[in-house]
Amino acid sequence: MTSTTPIVEGTYVYDIVQSKRGRPLNRLCLSLKESANRDQFVDDENAYCDRFGLDDDLKKAVLERDWVQMLDLGGSIFYIIKLAAIDKKSMQDLGGIFTGMTTEDFIAELRAGGRSFD
Amino acid sequence: MTSTTPIVEGTYVYDIVQSKRGRPLNRLCLSLKESANRDQFVDDENAYCDRFGLDDDLKKAVLERDWVQMLDLGGSIFYIIKLAAIDKKSMQDLGGIFTGMTTEDFIAELRAGGRSFD
Amino acid sequence: MTEIIWGLGTSHVPSIGAAMDNEKAQDEYWKPLFDGYAPAREWMAENTPDVAVIIYNDHANALGLEMIPTFAIGTDDHFNVADEGYGPRKVPNVRGHAEMSEHILVQLVNDGFDMTVCQELDVDHGLTVPLSVYCPEPGEQWPCQVIPILVNVLQYPQPTAQRCLALGEALGRAIRSFPGDLKVAVFGTGGMSHQLSGARAGLINEKFDREFLRDIKENPERLAALTREDYIREAGSEGLEMIMWLIMRGAIGDDIERVHETYHVPASNTAAALTLFAPVTAS
Amino acid sequence: MTEIIWGLGTSHVPSIGAAMDNEKAQDEYWKPLFDGYAPAREWMAENTPDVAVIIYNDHANALGLEMIPTFAIGTDDHFNVADEGYGPRKVPNVRGHAEMSEHILVQLVNDGFDMTVCQELDVDHGLTVPLSVYCPEPGEQWPCQVIPILVNVLQYPQPTAQRCLALGEALGRAIRSFPGDLKVAVFGTGGMSHQLSGARAGLINEKFDREFLRDIKENPERLAALTREDYIREAGSEGLEMIMWLIMRGAIGDDIERVHETYHVPASNTAAALTLFAPVTAS
Ligand SMILES: [Fe+3]
Ligand SMILES: [Fe+3]
């Protein structure tokens, strides 16, 4: 591995290695732009995952809504948010999950000026 | 019109203006890569043209196999050749048509060293 | 001679668009942000461009990950507003300027910028929110034609900040060399600091943002010298979007004054800001 | 240190592939072409690279016209052979080199080349015919991994010849800086003079081609200074493809010797040629 991708703690620096790992998941999420596809997904999540060729790890992460695992496996936040929208989850809900906070606490921190990491 | 596209006599210099003009035609031709689509095209050329949104001029050129007109209307030779293949026409057959020669004469000129334009 | 009459740096947060679309601009939460926009909006309403060149990034609405261009330009004369998964924003579709975009494309390629040409493009909030920041109530039609320029900010390796500034300088030359006497505005969009995912989700770095706002006028070379890693560490993985402001800054040039500036925390997950520059007119 | 062991300039005419696939290489029509290849093939068979970087253009088989990159790189570790409308060529699919392609991508972007990243790509005759020119009988598997680099030669504005030479120089630096001690070959493909459509269809300009073959070694700067219009006028609208040879030439550098050269008219509609360069080893 000769990747020069910067390593920044607490941060996904999305690169082509990640992108390749998460291709089937991101393709699935992109398809959810269309409402007919959203209906099919909701109807049979398992079959929908198979249709997009998700391997067992990716499928498990989707079915269990393990958002951290999805990112670890190469999901892009801009794609995954389209899956979250089906569950009526907002970016703040996900922010809470990523940081181990309640949504309310996460929003409160943002309103207080955001989270600082000096 | 402020296009800076070079003008070279006897030559299509394919640019984005041409490309935009010929979009439906080129999209149709690209679809012919797939054999199921080729069958559908052969089955009902008129309907197939409509499906790809060809306007009357483009449709007429396709149905009449007016190869020069297709190029004049923004067809790209790399796309149009996929339509020619359905008619079992080669690039040399088209070369004959573009130059007003028989295929045999066109091939003979190529074998004699090609056509020269000094 | 075609001239650049202003340059706008602005965040393009989707919720800013949603707040306008749902008429929440006067809500307690949103009012300070929109009040901050007001003076710039008034000034821009009196200085209307014929064409807006909008530098932005797509957010998984028009481009997939199978093919990611570093820099792309939309050359069509019509761009539909993308359906981002909830139906398209209720704003007008976007009219392009095919001749000027072709001119810009050719000049940029001649200048050694390896542009990707998008002949078909749906435009997402990255482009339409900045248009709404400029013009909150367009009615049936946006008041200007639009040339979209897309930048890869989502996937490493993004273009360097230095390359973005250089692209902006070439873009300025390209715009000014377009025949006729059109008035053009250039939008740099994205930012300010924010990070959507990972343990640092919710990051906002006001100090970095304020220094960026200062130096985007005073010292763009300092901002251009920052690495991608600097931007990600200081401004968050999505804060890197700010490199797109440098393209606007390169285009409008050095001889400028700041018409207005505002900074607001947060617009949902993001520090949001606006800065408006105009060329100093020779006296 | 990773090194570039040879550079090959070669036409990529589909009928050359078809002649090999249909075992017509000994036919009266094709024999002179393939006899001309023989000495280069023997030399290359004794100097086998681990990785081939192949500069080519897609011919409406993988990319549509909705999005045209100036320069793109395929970063996958597998590329299927494209179905160009008659079923795929009966040659092995292509193995990529994901790590080296990522390295090259990052170095090129850092060097100011605005690459498009193709994470999925079917490769057409533009890439597979040159592979067959190198290795006529691969058996089950091509003898090297491949990194595809795509160039827009189909739609104006193509990159300038000067920009292609500069990309090649940066590509050479990027390859040589890859950790390890791999051996790399660089292929510049396309040309020679030909024009498929219009009243000048059938154009072949042997004088231009022979001077190009001479100067691709002796004076690439002259070839880089020619405009797109020069190439189109002299070599035909599709002869412009020769700008891709300049990328190979830039990569392999100035300190080279010509191992072999051959020129043949016509390979169907095209003047076909091959030139093989190797670095001069310090004595
Ligand atoms: Fe954004
Ligand atoms: Fe070719």
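Every chain is numbered from 1 and lettered A, B, ... according to where its sequence line falls, protein lines coming before strand lines.
Residues A:Arg115 and C:Arg200 share a closest heavy-atom pair of NH1-C, 3.8 Å. Scanning all heavy atoms of the two residues, the minimum distance from C:Val265 to A:Leu110 falls at CG1-O, 4.0 Å.
For A:Phe41, the ring-ring contact (aromatic ring centres under 6.0 Å, His included) partners at least two apart in sequence or on another chain are A:Tyr48.
The interface of residues 223-234 of chain C with chain A, defined by heavy-atom distances below 4.5 Å, comprises C:Glu229, C:Ile232, C:Arg233. Among residues 58-68 of chain C, the residues having any heavy atom closer than 4.5 Å to a heavy atom of chain A are, in sequence order, C:His59, C:Ala60, C:Asn61, C:Leu63, C:Gly64, C:Leu65, C:Glu66. Listed in order of number, the residues of residues 67-103 of chain A that approach chain C to under 4.5 Å between heavy atoms are A:Leu71, A:Ile77, A:Phe78, A:Tyr79, A:Lys82, A:Ala85, A:Met91, A:Gln92, A:Gly95, A:Phe98, A:Thr99.
Ranked by heavy-atom pairs under 4.5 Å with chain A, the list C:Asn269, C:Asp83, C:Leu154 is led by C:Asn269. Counting heavy-atom pairs closer than 4.5 Å to chain A, the top-ranked of the candidates C:Gly202, C:Ser237, C:Ser268, C:Ala271 is C:Gly202. Ranked by heavy-atom pairs under 4.5 Å with chain A, the first of C:Ser197, C:Gly236, C:Gly87, C:Pro157 is C:Ser197.
For chain C, the nearby part of A:Glu9 is the backbone; its heavy atoms alone come within less than 4.5 Å. Only the backbone of A:Ile7 comes within contact range of chain C, with at least one heavy atom under 4.5 Å from a heavy atom of that chain. Proximity to chain C (any heavy atom under 4.5 Å) is shown, for A:Tyr12, by both the backbone and the side chain. Heavy atoms closer than 4.5 Å to chain C are found nowhere in A:Arg27, neither backbone nor side chain.
The distance from atom CG of C:Asn205 to atom OG of A:Ser116, rounded to the nearest 0.5 Å, is 7.0 Å. Once rounded to the nearest 0.5 Å, the distance linking CG of C:Asp122 with NZ of A:Lys33 reads 6.0 Å. Remark: A:Arg111 CZ to C:Tyr29 OH distance equals 5.0 Å, nearest 0.5 Å.
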